[in-house]
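Since the structure comes first, as structure tokens, the remarks are kept for the end.
For reference, positions follow the sequence shown, starting with 1.
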Amino acid sequence: MSSKKLGRLVILSSPSGGGKTSICRKLLTSTRKRSGWTFSVSYTTRARRKGEREGREYYFIDDAKFQELVSRDFFAEHFKVHLYNYGTPRHPIDSARRSGGVMLLDVDVQGAARLKQAYPDAIAIFILPPSAVALKKRLHRRGTETKEQLALRFRNATKEMQSFRDYGFDYAVINDDLKTAVQKVLAVIEAHPCRIERLDEEQLAKLAR
């Protein structure tokens, strides 16, 4: 039986506009990035925004195709968020775990909770904006939603910020400055295996001999 350790899953979640996607990008392009890091590309039924690329930010599909994938148990988790469906494919997660690498997942809080249930050893990090006012400014600055869509996203974001402790996150990082937030997330990922409950049982057994 192989003694190779499973790869690590790192779940990043935040209210819309909190900065989780920007942090993922920085982690993946950083010169400090270790080999074997990958990004889980989700599927969504929302329209592609300016600057987004098929297969990079998301796979963009229609509702019929999304429901077909649901029926095939294609997703590790899926939810309807802000009027659109989002789903995390199962196969890339399983491949990353077998390979021993690190996979970053950029998902909403409901998806994060479901993934944490399915993969209890995953590192779940909630990204917080410095304030509700700052979050509202970020959402307006994006210029990608209508007034009604912005209002819905902000209402949902407010609820998530008030109740994120209920979703099973291991850590929370305030994204006031992007560079600092990236450094803190990286520190969490590197330090997580040192938590007492994460210590390798085989290594501990050697200490008792």
Query raised in the report: Considering residues, nucleotides and ligands other than L152, do more than 12 of their heavy atoms fall under 6.0 Å from its CG?
Result: yes

Query raised in the report: Does E148 reach the side chain of L83, with side-chain heavy atoms less than 4.5 Å apart?
Result: no

Query raised in the report: Between I11 and A112, what is the shortest heavy-atom contact and its length?
Result: CG2-CB, 3.7 Å

Query raised in the report: Going by heavy atoms in the side chains, are R153 and N156 under 4.5 Å from each other?
Result: no

Requested in this report: Would you please name every residue forming a side chain to side chain donor-acceptor pair (under 3.5 Å) with D106, sequence neighbours left out?
Outcome: T21

**Report entry** Shared hydrophobic cluster, W37 / V173 (ILVMFWY, side-chain heavy atoms < 4.5 Å)
**Finding:** yes

Donor-acceptor list for residues 55-63 side chains, cut-off 3.5 Å, not counting sequence neighbours:
{"residue": "R56", "atom": "NH2", "partner": "G51", "partner atom": "O", "Å": "2.6"}
{"residue": "E57", "atom": "OE1", "partner": "R53", "partner atom": "N", "Å": "2.8"}
{"residue": "E57", "atom": "OE2", "partner": "R25", "partner atom": "NH2", "Å": "2.9"}
{"residue": "D62", "atom": "OD1", "partner": "A64", "partner atom": "N", "Å": "3.3"}
{"residue": "D62", "atom": "OD1", "partner": "K65", "partner atom": "N", "Å": "2.8"}
{"residue": "D63", "atom": "OD1", "partner": "N85", "partner atom": "ND2", "Å": "3.3"}

Report task. Might you work through the side chain to side chain contact (heavy atoms under 4.5 Å, CB included) test for I127 and V185, ending with a clear yes or no? Result -> CA-CA 9 Å; I127 308 300; V185 169; 4.0 Å; yes

Query raised in the report: If every non-hydrogen atom of P89 is compared with every non-hydrogen atom of F75, which pair is closest and at what distance?
Result: N-CD2, 3.9 Å

**Report entry** Sequence-distant partners of D177, salt bridge (charged side-chain N to carboxylate O under 4.0 Å, His left out), two or more places apart
**Finding:** none

Query raised in the report: When you measure from the side chain of N175 to the backbone N and O of G18, does any donor-acceptor pair fall under 3.5 Å?
Result: yes

Query raised in the report: Heavy atoms, side chains only, cut-off 4.5 Å: are F164 and L128 in contact?
Result: yes

Query raised in the report: Hey, does the side chain of K116 reach the backbone of A122 with a donor-acceptor pair shorter than 3.5 angstrom?
Result: yes

Query raised in the report: Under 6.0 Å between the ring centres of Y84 and F66?
Result: no

Query raised in the report: Distance from I23 atom CD1 to L104 atom CG, nearest 0.5 Å?
Result: 10.5 Å

Query - Inter-residue atom distance R90.CZ - L69.CG, 0.5 Å rounding - result: 12.0 Å

Query raised in the report: Do R8 side-chain atoms and H192 backbone N/O form a donor-acceptor pair below 3.5 Å?
Result: no

**Report entry** Nearest heavy-atom neighbours spanning S40 and M103
**Finding:** CB-SD, 3.7 Å

Query - Non-neighbouring partners of A113 that pass side chain to side chain contact (heavy atoms under 4.5 Å, CB included), sequence neighbours left out - result: Y167

Report task. Taking all non-hydrogen atoms of both residues into account, name the closest pair between M161 and P129 and its distance. Result -> SD-CG, 3.4 Å

Query - Chi angles and distances behind the side chain to side chain contact (heavy atoms under 4.5 Å, CB included) call for L27, F39 - result: CA-CA 10 Å; L27 286 170; F39 177 68; over 6 Å; no

**Report entry** In one Ile/Leu/Val/Met/Phe/Trp/Tyr side-chain cluster, 4.5 Å: L178, L28
**Finding:** yes

Query raised in the report: Between R114 and V107, is a side chain to side chain contact (heavy atoms under 4.5 Å, CB included) present by the stated rule, with each step listed?
Result: CA-CA 10 Å; R114 184 163 290 183; V107 296; over 6 Å; no

Query raised in the report: Counting distance only, does the side-chain N/O of T44 pair as donor-acceptor with the main-chain N or O of Y86 below 3.5 Å?
Result: no

**Report entry** Partner residues of L150 under the side chain to side chain contact (heavy atoms under 4.5 Å, CB included) criterion, sequence neighbours left out
**Finding:** L139, H140, E145

**Report entry** Atom pair CD (Q110) and NZ (K80), whose distance is rounded to the nearest 0.5 Å
**Finding:** 12.5 Å

Report task. Can you see which heavy atom on A157 is nearest to which on S16, and at what distance? Result -> CB-N, 4.4 Å

Requested in this report: Enter the distance from Y171:OH to L12:CG here, rounded to the nearest 0.5 Å.
Outcome: 13.0 Å

Query raised in the report: Would you say T38 and P92 make side-chain contact, with heavy atoms under 4.5 Å?
Result: no

Report task. Output the distance between atom CD1 (I93) and atom CZ (R98), rounded to the nearest 0.5 Å. Result -> 11.5 Å

**Report entry** Least distance between heavy atoms, P130 atom then R138 atom
**Finding:** CD-NH2, 3.4 Å

Report task. Following the transitive rule for hydrophobic clusters with a side-chain heavy-atom cut-off under 4.5 Å over Ile, Leu, Val, Met, Phe, Trp and Tyr, establish whether V109 and F79 coincide in one cluster. Result -> no

Report summary line: Contacts of R48 meeting salt bridge (charged side-chain N to carboxylate O under 4.0 Å, His left out) (sequence neighbours excluded), chain-then-number -> none

Query raised in the report: Do F154 and V81 belong together in a cluster built from hydrophobic side chains that touch within less than 4.5 Å?
Result: no

Report summary line: Interatomic distance, OG1@T88 vs CG@L105, rounded to 0.5 Å, equals 6.0 Å

Report task. In sequence, state the C-alpha distance, the side-chain angles, and the governing distance for L9 and L115, and then conclude on side chain to side chain contact (heavy atoms under 4.5 Å, CB included). Result -> CA-CA 10 Å; L9 302 182; L115 285 169; over 6 Å; no

